[in-house]
Participant: 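My structure is below; once you've seen it, I'll send some questions.
What's counted below: heavy atoms across the whole structure, side chains too, no hydrogens, waters or symmetry copies.
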Amino acid sequence: MARVMKVFRTLRNHWKKSTFAVCVLSYGGYWLYGKHCDSVLRREACLVAREFGRQQIAPQERLRKATVILNPAACSGKANNLFEKNAAPILHLAGVEVTVVKTDYEGQAKKLMELMEQTDMLIVAGGDGTLQEVITGLLRRPDRDTFSNTPIGFIPLGSHNSLSPSLHLLSDNKVKDITSATLSILKGETVPLDVLQIKGEKEQPVFALMGLRWGAFRDVAATISKYWYLGPLKTNAAHWFSTLREWPLVQQVSVSYLAPSLRPPDLPPYKPPRPNLIYRIIRRLKNYWNPPDIGECRINDSMMICAEPDSFTVGEFIISVYIYICVVISQGTGGFFNIDNEEYDATPVEVRLLPRKLRFFISAERREQLLSP
């Protein structure tokens, strides 16, 4: 008893050191518990993957091939380690022939997609930027109609993974999100996704899955990280200081768009026949000698509703994937666009919706959740 009282007396006399030691031990215990939970998640995922690897195949069949486009710089340089520890073992245990291609600089994924050979599945391991580069390079290929049938898996390894909530049930655990996304690739359930084609006046088109943003809210969102020292108030502070600098924000813009139409049914791809040479020459001469009036545009001989250039207060201009075809032409824009959370100079663009262009792997739980009323 005396020894116990001596211990309590020592802790009371050195309460600062005792408090510090308790904090360190508590943090260490929490960290170790988190590591243990991560190991349990990896083990469970590997056991599921092993069952896929034990499935017998016929002698004439071959192993499934998967090409992984990995961005090691994603997640502040932690993406390579996250992939090797949490995703690669699952793919290997499932008997998938994996080819990992790592990017070295920004924009390389687009060039790699131009040289990629046919594969059974394409896996993007990175964030929003990597995913956008991959689909842009894929849909710029001359044989894009063939390659667009290749199912795509997305392993969220970046700081921003905007597509993940549409494909998987997310949690607060990074390891669980990665292993769940990898297992959904093995299970093979896919869902068709719409793609936005964003084309400037001179550059090649850029393709996006989430949308295009332009306006005051986009500009404010780009400055939120500057107020990191304000903690949970940084978002409010960014909007407040932006309002003080300039409000209302006025831009002159011209927008043209097609009226909404019903989404077409799932039909085999059909390429309309090209008009004969005489018809094309007559149409070009007619457009040259009788150009359309201001406010009138024609695309594929379909009349578009056009807005005259005007000045208006710009809060947020968002192009979302809601209708079959959407064409947007912005003139006199300034600042920057956000295309799938990637920054581009705001120039006149034409936006088209490509319905059900790509197929992505989706988890069964997420599919049931989407189908439920």
Side-chain angles (χ1 to χ4, degrees), residues 37-58 60-70 74 79 82-101 116 118-128 130-131 134-135 138 147-158 161-195 209-210 266 356-373:
C37 293
D38 292 345
S39 298
V40 172
L41 289 173
R42 295 190 191 100
R43 179 177 175 82
E44 292 178 352
C46 287
L47 292 176
V48 175
R50 189 175 62 179
E51 297 302 320
F52 285 95
R54 288 178 173 177
Q55 295 178 1
Q56 297 181 357
I57 60 176
Q60 66 274 15
E61 294 183 8
R62 59 177 179 82
L63 296 177
R64 291 183 298 171
K65 292 184 178 181
T67 301
V68 180
I69 306 298
L70 172 62
L82 289 172
F83 177 79
E84 294 295 337
K85 292 181 64 176
N86 304 299
I90 297 175
L91 296 174
H92 290 303
L93 283 171
V96 179
E97 185 178 342
V98 182
T99 301
V100 180
V101 182
M116 190 187 74
Q118 187 65 44
T119 182
D120 295 327
M121 64 183 77
L122 177 63
I123 301 176
V124 183
D128 289 342
T130 309
L131 181 61
V134 168
I135 65 170
L138 176 66
F147 265 82
S148 61
N149 295 325
T150 303
I152 303 174
F154 179 54
I155 300 178
L157 300 180
N161 307 291
S162 303
L163 187 63
S164 288
S166 301
L167 302 176
H168 316 110
L169 298 179
L170 298 184
S171 64
D172 296 332
N173 192 306
K174 186 79 171 179
V175 174
K176 185 176 182 180
D177 293 340
I178 296 173
T179 54
S180 299
T182 309
L183 288 175
S184 67
I185 295 173
L186 300 180
K187 294 176 181 178
E189 292 194 36
T190 60
V191 61
L193 293 184
D194 301 337
V195 177
L209 289 168
M210 302 306 299
D266 288 326
R356 300 186 179 96
K357 189 64 176 178
L358 299 175
R359 299 192 68 85
F360 277 77
F361 289 105
I362 186 174
S363 65
E365 297 81 4
R366 182 56 177 153
R367 175 187 285 274
E368 292 178 1
Q369 190 179 70
L370 292 175
L371 295 177
S372 61

Participant: Nearest 0.5 Å, please: how far is CG in Leu169 from CZ in Arg367?
Facilitator: 13.0 Å
Participant: For the residue pair Thr190 and Ile362, what are the closest heavy atoms and their distance?
Facilitator: C-CG2, 4.0 Å
Participant: Side chain to side chain contact (heavy atoms under 4.5 Å, CB included) for Ile155 and Ile185? Distances and angles first, verdict last.
Facilitator: CA-CA 9 Å; Ile155 300 178; Ile185 295 173; 4.2 Å; yes
Participant: Roughly how far, to the nearest 0.5 Å, is the CE atom of Met121 from the CZ atom of Arg359?
Facilitator: 14.0 Å
Participant: Check the pair Arg356 / Asp194 against side chain to side chain contact (heavy atoms under 4.5 Å, CB included), numbers first and verdict last.
Facilitator: CA-CA 5 Å; Arg356 300 186 179 96; Asp194 301 337; 4.1 Å; yes
Participant: Can you check whether Ile135 reaches Lys357 side chain to side chain, under 4.5 Å on heavy atoms?
Facilitator: no
Participant: If you take all heavy atoms of Ala79 and Leu157, which pair is closest and at what distance?
Facilitator: O-CD1, 3.7 Å
Participant: How about Asn86 and Arg42: does a side-chain donor come under 3.5 Å of a side-chain acceptor?
Facilitator: yes
Participant: Kindly say whether Asp177 contributes a backbone atom to a donor-acceptor pair with the side chain of Ser180 at under 3.5 angstrom?
Facilitator: no
Participant: Walk me through it: do Phe83 and Ile123 pass the test side chain to side chain contact (heavy atoms under 4.5 Å, CB included)?
Facilitator: CA-CA 12 Å; Phe83 177 79; Ile123 301 176; 5.5 Å; no
Participant: Counting distance only, does the side-chain N/O of Ser363 pair as donor-acceptor with the main-chain N or O of Arg366 below 3.5 Å?
Facilitator: yes
Participant: For a quick test of reading the model, state the closest non-hydrogen atom pair linking Val98 to Val100 and the distance between them.
Facilitator: CG1-CG2, 3.8 Å
Participant: Measure across Leu163 and Asp128 and return the closest heavy-atom pair with its distance rounded to 0.1 Å.
Facilitator: N-OD1, 4.3 Å
Participant: If you count every heavy atom of other residues, nucleotides or ligands that lies below 6.0 Å from Gln60 atom CD, does the total exceed 12?
Facilitator: yes
Participant: Could you give the distance from CG (Leu193) to CE (Met210), rounded to the nearest 0.5 Å?
Facilitator: 9.5 Å
Participant: Heavy-atom distance under 4.5 Å between the side chains of Phe52 and Lys187, does that happen here?
Facilitator: yes
Participant: Say you draw a straight line from CG of Leu122 to CZ of Phe361; how long is it, rounded to the nearest 0.5 Å?
Facilitator: 9.5 Å
Participant: Which heavy atom of Ala87 sits nearest to which heavy atom of Ile178, and what is that distance?
Facilitator: CB-CG2, 4.1 Å
Participant: Quick check: do Leu186 and Leu91 have side-chain heavy atoms less than 4.5 Å from each other?
Facilitator: yes
Participant: To the nearest 0.5 Å, how far apart are CG in Asn173 and CG in Asp38?
Facilitator: 5.0 Å
Participant: Would you check if Lys65 and Thr99 make a side-chain contact, meaning some heavy-atom pair closer than 4.5 Å?
Facilitator: no
Participant: Heavy atoms only: give me the nearest His168-Phe154 pair and the separation to one decimal.
Facilitator: CE1-O, 3.5 Å
Participant: Which residue, Leu138, Asp120, Thr119, Leu358, forms the side-chain contact (heavy atoms from CB on, under 4.5 Å) with Thr150?
Facilitator: Thr119
Participant: Would you give the length of the straight line joining atom CD1 of Ile69 to atom OG1 of Thr130, rounded to the nearest 0.5 angstrom?
Facilitator: 9.5 Å
Participant: When you look at NZ of Lys176, are more than 12 heavy atoms from neighbouring residues, nucleotides or ligands closer to it than 6.0 Å?
Facilitator: no
